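Worth knowing before you read on, the calculation uses all heavy atoms, side chains too, and leaves out hydrogens, waters and symmetry mates. Note that the structure is predicted; figures quoted are calculated from it, not measured.
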Amino acid sequence: MINITTFLDANACRLNKPVYYSIDRNKKYSSSDILSIISYFGRKLLDMGISRSDRVIIYLENSPEYLFSLLALWRIGAIAIPTNRIYTTSELQYFVDDSDAKLIITDEEIEDISVDCYIIECMDEYTDMEVLEACNTNYDDVCQLQYTSGTTGKPKGAMLTHGNWFSAIMNECDVLNMDHNSVMFCIYPMAHVGISWAISALRSGALCITKNNYSFDEYLDIIYENHVTHATGMPPVIHSIVVNPEKVSNKLYSVESIISGGGPLHKDTWKKFYKKYGIPVLNAYGSSETIVIGTGTVIRPEDYAFADRYESVGHPVCFSEVKIVDVDDPNITMDKKNHGEIALRGPSIAKGYWNKPEATEETFLKDGWFLTGDIGYLDDDNRLFVTDRKKDMIIMSGWKIYPMEVEEVMIEHPAVDEISVFSLPDEHRGEIPAAAIVWTDEPDVDGVLEYTRTKLARYKIPRKIFTLNELPRVNGWKVLRRDLQQKFSPKNNN
């Protein structure tokens with residue numbers, strides 16, 4: 001029996017210090033404060049008729065209320081459905097219909113939605129001197145439906161359990177090596193499983209800092225002014241640090257490590273960052289279905305004696321396993337250094353997809369392995385290298401082309417600032433590789449292609465090059481290859 005929120009009870013007994021700081025509100029909260037707030041709100045939810053296993057959608061900006069709502073729902077045994085505040089009503093209605101949600105927690109009335117909304121206000125006055133006892137949930141009880149990004153078809157709700165979250169938090173605490181003197185700045189959207197890093201910081205008794213809608217300059221200032229020891233990042237953030245040394249100056253002086261995840265960190269960027277600042281990048285690999293590295297892999301500071309290629313996402317975390325299987329037959333395990341689909345097995349693997357038995361059976365195998373949909377390989381020392389998304393792989397006249405491999409080469413050219421390689425339909429070859437480039441200064445298409453030909457087989461060279469001012473991303477994060485495919489598809493440009 002386990003309820004994931006009970007770490008707050010333990011911390012409230014032993015720590016009389018701030019563990020959460022909302023910069024937007026300029027307010028700090030202790031474990032006791034958080035426990036009091038979620039006790040009050042938990043009782044309010046129970047009074048509204050929300051009970052164990054009921055599904056409740058959270059539709060808020062990044063804020064203390066988002067975090068407290070998540071914890072309160074877990075506390076009473078309900079199932080939280082985190083959603084992004086940028087979703088439209090029709091997108092939100094899909095989550096309502098798919099999950100049969102009973103309530104939406106939001107900050108404004110939503111028109112034309114088929115479920116009750118609870119309009120939430122600042123929770124700072126939500127205090128309850130009597131702590132609400134945590135619902136006696138089981139390890140396998142679902143506490144969250146984490147909807148995937150839906151690269152094909154409609155988003156699917158990964159069923160995450162209290163046990164999944166327990167192992168994810170413990171693994172992240174182990175990787176981060178934080179204590180009550182540590183300070184983390186978490187920039188991941190609270191609707192994303194990346195919020196697990198923040199919850200892990202709370203669990204360890206560190207101070208976790210959040211801010212909604214920040215700029216790069218603010219990111220640096222927050223780290224500097226608050227003596228941040230553990231920074232969260234993503235490839236675009238680390239790239240910005242590398243190309244803006246005059247802005248960075250000494251503002252990272254307190255940082256002991258920085259997390260990168262959610263997309264590929266190009267080796268050239270990673271290498272320049274580490275050589276310049278000497279800060280280990282915790283290059284992490286996981287997914288919504290594994291609660292980031294709950295069951296996944298990561299490069300740790302102690303790996304840096306062997307990380308000189310600046311490409312790997314490391315070894316499995318505790319109790320987790322990784323293997324590479326044939327892309328067409330997961331029963332075939334690939335040999336070392338051979339590309340295939342990455343499969344993970346461990347304690348944070350979701351139970352499956354909500355109300356989608358066929359998709360569950362295809363992805364969550366009966367022997368416990370989860371097929372990630374990513375392509376990669378293991379080296380001789382069992383370090384994992386992610387080379388692409390399975391669905392991003394380009395097949396041109398039977399040749400398999402992995403966009404990340406091409407990007408890693410092309411971004412080494414000094415004229416290239418950012419790049420995304422993607423497929424375009426071709427009547428003769430089926431598909432061809434194309435590239436969208438953000439240039440450092442003046443475009444140099446011929447120079448880049450000439451350089452790439454010296455590094456890659458001819459069939460891997462992009463047949464078309466497009467110039468952009470910026471790459472399309474999800475919340476400034478993952479590059480949207482689908483948007484590039486749609487934008488530059490021949491049928492959309494006739």
Side-chain angles (χ1 to χ4, degrees), residues 146-153 155-156 158 168 192-194 234-235 259-267 270 282-299 309 311-317 320-346 348-350 352-353 359-360 362-365 368-379 382-395 400-408 420-423 433 473-474 477-482 485:
Q146 184 68 42
Y147 277 86
T148 63
S149 57
T151 52
T152 58
K156 302 182 290 291
H192 187 270
V193 285
M234 45 187 97
I259 300 163
S260 182
L265 177 61
H266 289 298
K267 64 181 179 182
W270 183 359
L282 304 180
N283 199 28
Y285 173 70
S287 68
S288 295
E289 293 90 341
T290 70
I291 313 183
V292 194
I293 62 162
T295 295
T297 65
V298 68
I299 284 282
R309 287 176 62 184
E311 293 177 283
S312 175
V313 290
H315 293 103
V317 295
S320 299
E321 301 170 85
V322 60
K323 70 176 180 178
I324 307 298
V325 300
D326 186 90
V327 293
D328 298 315
D329 185 355
N331 294 310
I332 300 174
T333 300
M334 307 297 287
D335 293 333
K336 298 288 178 60
K337 297 184 179 179
N338 285 335
H339 287 74
E341 184 168 3
I342 301 167
L344 298 171
R345 182 166 67 180
S348 289
I349 299 292
Y353 295 121
T360 297
E362 291 173 359
T363 307
F364 299 85
L365 306 185
W369 289 99
F370 165 67
L371 300 178
T372 64
D374 291 321
I375 301 294
Y377 68 92
L378 294 170
D379 69 6
N382 283 314
R383 284 186 291 263
L384 177 63
F385 294 76
V386 183
T387 54
D388 243 302
R389 285 290 298 168
K390 183 178 179 180
K391 293 180 175 64
D392 289 336
M393 183 176 67
I394 303 165
I395 302 179
K400 293 180 179 178
I401 303 166
Y402 299 102
M404 272 182 57
E405 179 189 12
V406 182
E407 291 168 359
E408 290 284 8
S420 180
V421 174
F422 55 97
S423 67
R473 299 181 183 274
V474 179
W477 193 353
K478 294 183 180 180
V479 174
L480 292 167
R481 283 197 175 103
R482 285 174 298 157
Q485 289 168 335

**OP:** Take Thr297 and His315 through the test side chain to side chain contact (heavy atoms under 4.5 Å, CB included) and record every step on the way to the result.
**Re:** CA-CA 5 Å; Thr297 65; His315 293 103; 5.8 Å; no
Subject >> Glu341 and Val325: CA distance, side-chain angles, deciding distance, side chain to side chain contact (heavy atoms under 4.5 Å, CB included) verdict >> reply: CA-CA 5 Å; Glu341 184 168 3; Val325 300; 4.0 Å; yes
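Atom NZ of Lys337 sits in a sparse spot, with 12 or fewer heavy atoms from other residues, nucleotides or ligands closer than 6.0 Å.
Side-chain contact between Tyr285 and Asp374 is present, with at least one heavy-atom pair separated by less than 4.5 Å.
One N or O on the side chain of Ser348 and one on the backbone of Ala168 form a donor-acceptor pair closer than 3.5 Å. With hydrogens and angles disregarded, no donor-acceptor distance shorter than 3.5 Å links the side chain of Ser288 to the backbone of Gln146. For Glu311 (side chain) and Lys267 (main-chain N/O), no donor-acceptor pair under 3.5 Å exists by modelled atom type. In this structure, the side chain of Asn283 engages the main chain of Ser312 through a donor-acceptor pair within 3.5 Å. With hydrogens and angles disregarded, no donor-acceptor distance shorter than 3.5 Å links the side chain of Thr295 to the backbone of Thr290. At distances below 3.5 Å, not a single donor-acceptor pair connects side-chain atoms of Thr372 with backbone N or O atoms of Ala343.
Heavy-atom minimum distance, Ala284 versus Val313: O-CG1, 4.4 Å. Of all non-hydrogen atoms in Asn338 and Ile324, the two that sit nearest each other are O-CG2, 3.8 Å. For the residue pair Trp270 and Ile299, the shortest heavy atom distance occurs at CH2-CG1, 4.0 Å. Contact detail for Ser287 and Val193: the closest heavy-atom pair is O-CG2, 4.1 Å.
Partner of Tyr353 under the side chain to side chain donor-acceptor pair (under 3.5 Å) criterion, chosen from Glu289, Glu362, Lys156: Glu289.
Atoms CD and CZ, from Gln485 and Arg482 in turn, are 9.0 Å apart once rounded to the nearest 0.5 Å. If you take CD on Glu321 and CZ on Phe370, they are separated by 15.0 Å, rounding to the nearest 0.5 Å.
Partners of Phe385 by ring pair (Phe, Tyr, Trp, His ring centres under 6.0 Å), not counting sequence neighbours, listed by chain and number: Tyr377.
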